[in-house]
**Student:** 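Have a look at the structure that comes next, please.
Whatever order the structure lists them in is the order used to number ligands and atoms, beginning at 1.
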Amino acid sequence: MQELKDRILKDGQVRPGNVLKVDSFLNHQMDVELLDHIGAEFYRLYKDAGINKILTIEASGIGIACLVATHFHVPMVFAKKAKSINIDGDVYHSKVHSFTYGKDYDITVSQKFLNKGDRVLLIDDFMANGKAMNGLIDVCEQAGAEIVGIGICIEKGFQPGGEDLRKRGFRVESLAIVENMTDDSLTFRE
Ligand code: 5GP
């Protein structure tokens with residue numbers, strides 16, 4: 001998606017540890033018009049897939065997934081990171097290793113909101129090693145929900161997550177795939 005690539009080149013910052021900072025427009029301060037265009041692009045890609053639910057992970061996926069859900073006119077569910085006493089009833093849960101914080105955390109989704117027969121599109125801001133997506137896949141498998149596709153805003157193509165998931169047969173659509181990044185240059189996969 002050219003608009004996203006242009007914005008990454010304009011406002012993204014490469015940080016040590018293979019971290020791309022895009023917090024001025026994607027995951028802290030949010031350019032909601034850009035998010036809306038991202039939502040439209042995922043709709044264009046997946047509109048014929050019979051999706052009835054969008055699933056993401058707290059926190060940075062939420063804003064993006066909301067705008068995606070408005071295009072599909074379906075509910076958006078996010079996996080919660082903290083165990084909450086507010087969730088009544090049973091939950092699915094999984095463990096995820098955080099790329100940005102370097103430690104494991106639990107995710108939970110109420111069994112009320114993810115069911116057998118759901119056709120789910122998984123959404124996130126970044127894909128690095130694929131741990132966040134694997135947590136969401138685990139939760140969908142527990143629910144008997146079908147994963148119709150995975151939609152990622154920025155995939156770091158030099159890290160293995162995207163390739164691993166494609167090899168496992170998942171449809172992964174990334175709007176920008178970073179091939180290589182250093183302090184002073186960033187290139188995309190064509
Ligand atoms: P993975 O689970 O694929 O290893 O990493 C994806 C998750 O880590 C995303 O949910 C995202 O929040 C975070 N993440 C991974 N790489 C980056 C990055 O380069 N920049 C930012 N801002 N977040 C990242």
**Student:** With heavy-atom distances below 4.5 Å as the criterion, would you say the side chains of L45 and R171 are in contact?
**Tutor:** yes
**Student:** Collect the protein residues that have a non-hydrogen atom under 4.0 Å from ligand 1 and hand them over in chain and number order.
**Tutor:** N18, V19, L20, N27, S60, F99, T100, D124, D125, F126, M127, A128, N129, G130, K131, A132, K156
**Student:** Listed by chain and number, what are the side chain to side chain donor-acceptor pair (under 3.5 Å) partners of K95, not counting sequence neighbours?
**Tutor:** D106
**Student:** Got a sec, which residues hit side chain to side chain donor-acceptor pair (under 3.5 Å) with N115, two or more places apart in sequence or on another chain?
**Tutor:** none
**Student:** To the nearest 0.5 Å, what is the distance between CG (D124) and CD1 (I57)?
**Tutor:** 6.5 Å
**Student:** Does some side-chain heavy atom of V91 sit less than 4.5 Å from a side-chain heavy atom of K80?
**Tutor:** no
**Student:** Can you list every pair that meets salt bridge (charged side-chain N to carboxylate O under 4.0 Å, His left out) and has a residue in residues 140-153, with sequence neighbours left out?
**Tutor:** R119-E146
